[in-house]
K.L.:
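Quick one: the structure is below, questions incoming.
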Amino acid sequence: MNRGFLRLDDPVTAIRGIGEAKALLLQRLGIATAEDLVYFFPRRYEDRRQIVTIQDLAPGGPPQAFRARVVSIEQRVARSNRRMQITRVCLSDGKNVAWALWFNRWNLSKILREGMELALYGSLEPRRPVPELLNPEFEILDGSDPRSVGRIVPVYSATAGLNEKWLRRVIDTVLEALVPTIPDILPPPLVEKFHFIDAASAVRQMHQPTDEALFRAARQRLVFEEFFLLQVGLALRHRRGCLEKKAPALTGQGDLTRKFLAGLPFELTDDQRRVAQEIAADMRRSVPMNRLLQGDVGSGKTVVAVMALLQALDSGIQAAMMAPTAVLAQQHALTLNRWLAPLGVEVALLTGGVAPAEKKKIHERLSDGTLRVVVGTHALIQETVSFKRLGLIVIDEQHRFGVLQRKALNSKAGAEAPHTLVMTATPIPRTLALSVYGDLAVSTIRQLPGGRQPVKSVWIGDNRLPKMLRFLESEMAAGRQIYWVCPLIEESENFDAAPLESRFEKLRREFPKRRLAMLHGRMSEKEKNAVMTEFSAGRIDLLASTTVIEVGVDVPNATVMVVENAERFGLSQLHQLRGRVGRGSAKSWCILYADPKNPEAEHRLDQFCALSDGFAIAEADMQLRGPGEFCGVRQHGLTDFRVADLIRDGAVMEVARQEAFALIARGDPYENFPLLMQAVLSRYGRMLDIARTA
Ligand code: ADP
Ligand code: MG
C-alpha cells in the first residue's frame, strides 16, 4: 500500500492486495471506499486477552488463545473420503503437545514450517485419545507481537469469497494508515458539553477495544455523530422550507368550517379538536406548514383533514388531497362530497382512470380557479396539472409516497409553497418519526371516537375453518358484510392473484345464496370502483380481496375481517386490515386464518391478537422487523446507520435533534463548521435534496 498517500475517499482498489475481484466482493458488503472500510465496524468481538498454555485447554471447552511452536507437519488424503485432504500439525509450548487438524487447506504445508511460532485460537475436541484441535485459527509470529490473540479481537461479517481473517487484516492495515486522518467534524462546544472522545480514538476503539469504559464512550460518540448529521440535514431542509417560499396565510373567517361542524352527526373528540387547532394555527402563518397527522385507523383523521381543507376555501384558496391508490381516492371523493355538497362545495376526482375529456375539463377548471377542491392519486402531480392558487395539500397514507412525489406536488403552488398536511394510520414510533419525518411537526390522535368497541381478534388454523364459515354465514344473515383478504404471491416480477381466485371460487360454492365479489390490483380502475361502490352501498355481502383494501376504506356495516395466510403479513399491515372493521357500533371481529410454521410465528399472531393499540403494534413491529423494513421506509435510506440503532439509541436521537436544530438556528453553519457541513452534504445532500445551491 502506498502508505501516507491513501486517503479516506480513495476507492478500495487503491489498497494493496485489493484488486477488481476483491473490490466486487467488498461491494456486496456495501464497501466501496477506504472510508467505508474504516467505518465497517465489527459484528461482534472475541475476548482473547488471556493467553493460556496447552495444559489449560479443556477438552470440549470454549475456544482459547495460546502460543505454540510447530513440531511436525504431515498432509494426507482422508481414508473415508478421497477428496478430503487432512493437514495434521504437532504443536508444542515447551511443556505439552497438542495436534491441530485442518481439512482441505492445501496450501498449509507450504506456509507452515517446523520450528515456526504460532498464535492459535481454538478449543480441544472432546473425547479424543490425544489433545486435538479442529481448524483452529492461527497466526504466524515472525518475531512480531501477535494481532489475533492477546487482545479483544473484532469479528467482521464476512461474505462468500472474503474470509473473516482476510477482512480483519485489511481493515487493520487501513486503520493504521487512516485513523490519524479522520477529521473531528463535531462542533467543539458540543464535544465539550458532552465530553465526547475524539473521532479517531472512537473509531479505533470500535475496531480494537481496549477496555469497556472507552468502548462505551466510543460508541456513544459515534451514535451521536450519526444522528447529529441526519438531524443537521433535516434542520437545513426545514430552514429552507421556511425561508425559501412563503405560503399564503389562511386567515379566512371560518364560515364554511362553522357550517360543516354544525352539520356533523357527531361531536369531535378532544383529540380531534386539539389537532385541528394545531393545524389551523400553522395555516394562519405565512411559513408553510409541514405537519404529520398520525392517528390509529378509525381515529377520525378525515374529519380533521376536511376542516383543514375548509380553512383554505374560507380563505378563497384551492386545496388538494392525494391518496396512494385509486380506490382510496375514490373513497375520499365520496366522503368529501357527502360532507361538502351541502355546503355548496364541489369536489372533483382526478385519477388515471378518469376519461381524457373529463380530465381536460378538470385541468382547466383547476387552473382558472373555478374548481376549488380536488382529490386524486399521483395523477395530481402530472406536469399538465396546474392550479390558480393552491393553498393546502393533504396527503393520506404518506408512507406509500416517496419523498420526491411530495416535492413534485409542492411545486404546484408556483411562487408560493402550499401548506402540507401528511396523514398516516401507521403510527410511527417516535424515534423513527424523528428520522424519516424529521422535518415535520407531528400531531397525534390517540383517542378513538366513543361508542366503539374494540375489534375482537383471534387466530385459527385449518381445523376451525368450518366453524368460521358457519359464523360468517350467520353474520351475513344478520345483514353484516365481510372482507376476506388473501396475500399476493410474488412470483418473479408479476404478482399472482391465484390464491385469491381459487379462494373466491370456494367461497362461492360455500355461500351460493350470498352476493360475493372480488377485488384485486389487476382489475381496471373502473372495475375496482364499481365493486367498492357496490360494497359501500351494502349490495355485496362478502368481498374477497388482496390487500388493495388495506388502507382507508370505510364501510361501517362491515363487521368481519378474515385474513388468510395471516402469518405472511407484518403486524402493522394486519392492524391496518383490522382497522377496516369495527367502524360502526356493531361488534366486529378480525379472524386470522393462519398456518404459522414455527413458534415465533405463533407468538407473533398471539401478540397481535392481544394488542389493540396501534402505537404498541408499531413498536412491536419495529422491534421484530427492524426499522428499515418497518413500513417500507428503507427506500428513504434515512434509517441506515453504521453504529446507531434506532431502537436502542432513541434517546440520543432526541438530544441530537435539539442540538442540530439549535445549531442551524444560530447562524451560518457553512462558515462556522465547514467540515461538518461537508459531511452532512456528502451523506444526505441528495437524499434530503439539500445540496447547496450557491
Ligand atoms: P381514519 O383516521 O382511519 O381515516 P376516518 O376518518 O375514516 O378514520 O373515521 C372513521 C369513522 O369514524 C368514519 O366513519 C367517521 O365518520 C367516524 N368518526 C370520525 N370522527 C368521529 C367522532 N368524533 N365521533 C364519531 N364518529 C366519528
Ligand atoms: Mg383514513
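Quick note: numbers below take in every heavy atom, side chains included, and nothing from hydrogens, waters or symmetry partners. Remember, it's 1-based here, ligands and their atoms both numbered in the order they're listed.
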K.L.:
What atoms in ligand 1 come closer than 4.0 Å to a heavy atom of E267?
P.N.:
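So the answer, numbered in order with elements, is 22 (C), 23 (N), 24 (N).
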K.L.:
Judged on heavy-atom distance to atom 10 (C) of ligand 1, which of K301, R580, R583, Q272 sits nearest?
P.N.:
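It is R583 whose heavy atom sits nearest to atom 10 (C) of ligand 1.
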K.L.:
Are any of the N or O atoms of G300 closer than 3.5 Å to those of ligand 1?
P.N.:
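So ligand 1 has an N or O lying under 3.5 Å from an N or O of G300.
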K.L.:
Show which atoms of ligand 1 fall inside a sub-4.0 Å distance from at least one heavy-atom site of S299.
P.N.:
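Contacts of ligand 1 toward S299, numbered from 1: 2 (O), 8 (O).
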K.L.:
Decide if the gap between the ring center of W589 and the ring center of F471 is smaller than 6.0 angstrom.
P.N.:
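Aromatic pair counts; centres sit under 6.0 Å.
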K.L.:
Taking only heavy atoms of P449, which atoms of ligand 1 are found under 4.0 Å from at least one of them?
P.N.:
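Once the distances to P449 are compared, the set is 20 (N), 21 (C), 22 (C), 24 (N), 25 (C), 26 (N), 27 (C).
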K.L.:
With sequence neighbours left out, write down each residue that passes side-chain contact (heavy atoms from CB on, under 4.5 Å) with D649, or none if nothing qualifies.
P.N.:
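With sequence neighbours excluded, D649 shows a side-chain contact (heavy atoms from CB on, under 4.5 Å) to R219, V223, F227, A644, D645, V652, given in chain and number order.
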K.L.:
Only heavy atoms of T269, strictly under 4.0 Å: list the atoms of ligand 1 that pass.
P.N.:
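Those qualifying, in numeric order: 23 (N).
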K.L.:
Just checking, is any N or O donor in the side chain of T420 or R291 under 3.5 Å from an acceptor N or O on the other one?
P.N.:
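Not at all, the side chains of T420 and R291 share no donor-acceptor pair under 3.5 Å.
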K.L.:
Please tabulate, for the side chains in residues 308-319, all donor-acceptor contacts under 3.5 angstrom to protein atoms that are two or more places apart in sequence or on a different chain.
P.N.:
residue	atom	partner	partner atom	Å
Q311	NE2	L250	O	3.0
Q311	NE2	A280	O	3.3
D314	OD1	D255	N	3.4
D314	OD1	L256	N	3.0
D314	OD2	D255	N	3.4
D314	OD2	L256	N	3.2
D314	OD2	T257	N	3.2
D314	OD2	T257	OG1	3.1
S315	OG	T251	N	3.4
S315	OG	G252	N	2.9
S315	OG	Q311	O	2.8
Q318	OE1	K388	N	2.9
Q318	OE1	R389	N	2.9
Q318	NE2	L366	O	2.9
Q318	NE2	L371	O	2.8

K.L.:
Can you name the atoms of ligand 1, numbered from 1 with element, that are less than 4.0 Å from a heavy atom of T302?
P.N.:
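Atoms satisfying the 4.0 Å criterion: 4 (O), 5 (P), 6 (O), 7 (O).
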K.L.:
Can you tell which part of L268 has a heavy atom less than 4.0 Å from ligand 1: side chain, backbone, both or neither?
P.N.:
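Near ligand 1, L268 shows its backbone, while the atoms from C-beta on stay back.
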K.L.:
May I have the step-by-step check of salt bridge (Lys or Arg N to Asp or Glu O under 4.0 Å) for E534 and R515, ending in yes or no?
P.N.:
CA-CA 10 Å; E534 287 293 285; R515 296 160 299 179; over 6 Å; no
K.L.:
I need the minimum non-hydrogen distance between R274 and T444, along with the two atoms involved.
P.N.:
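Looks like NH2-O, 2.9 Å.
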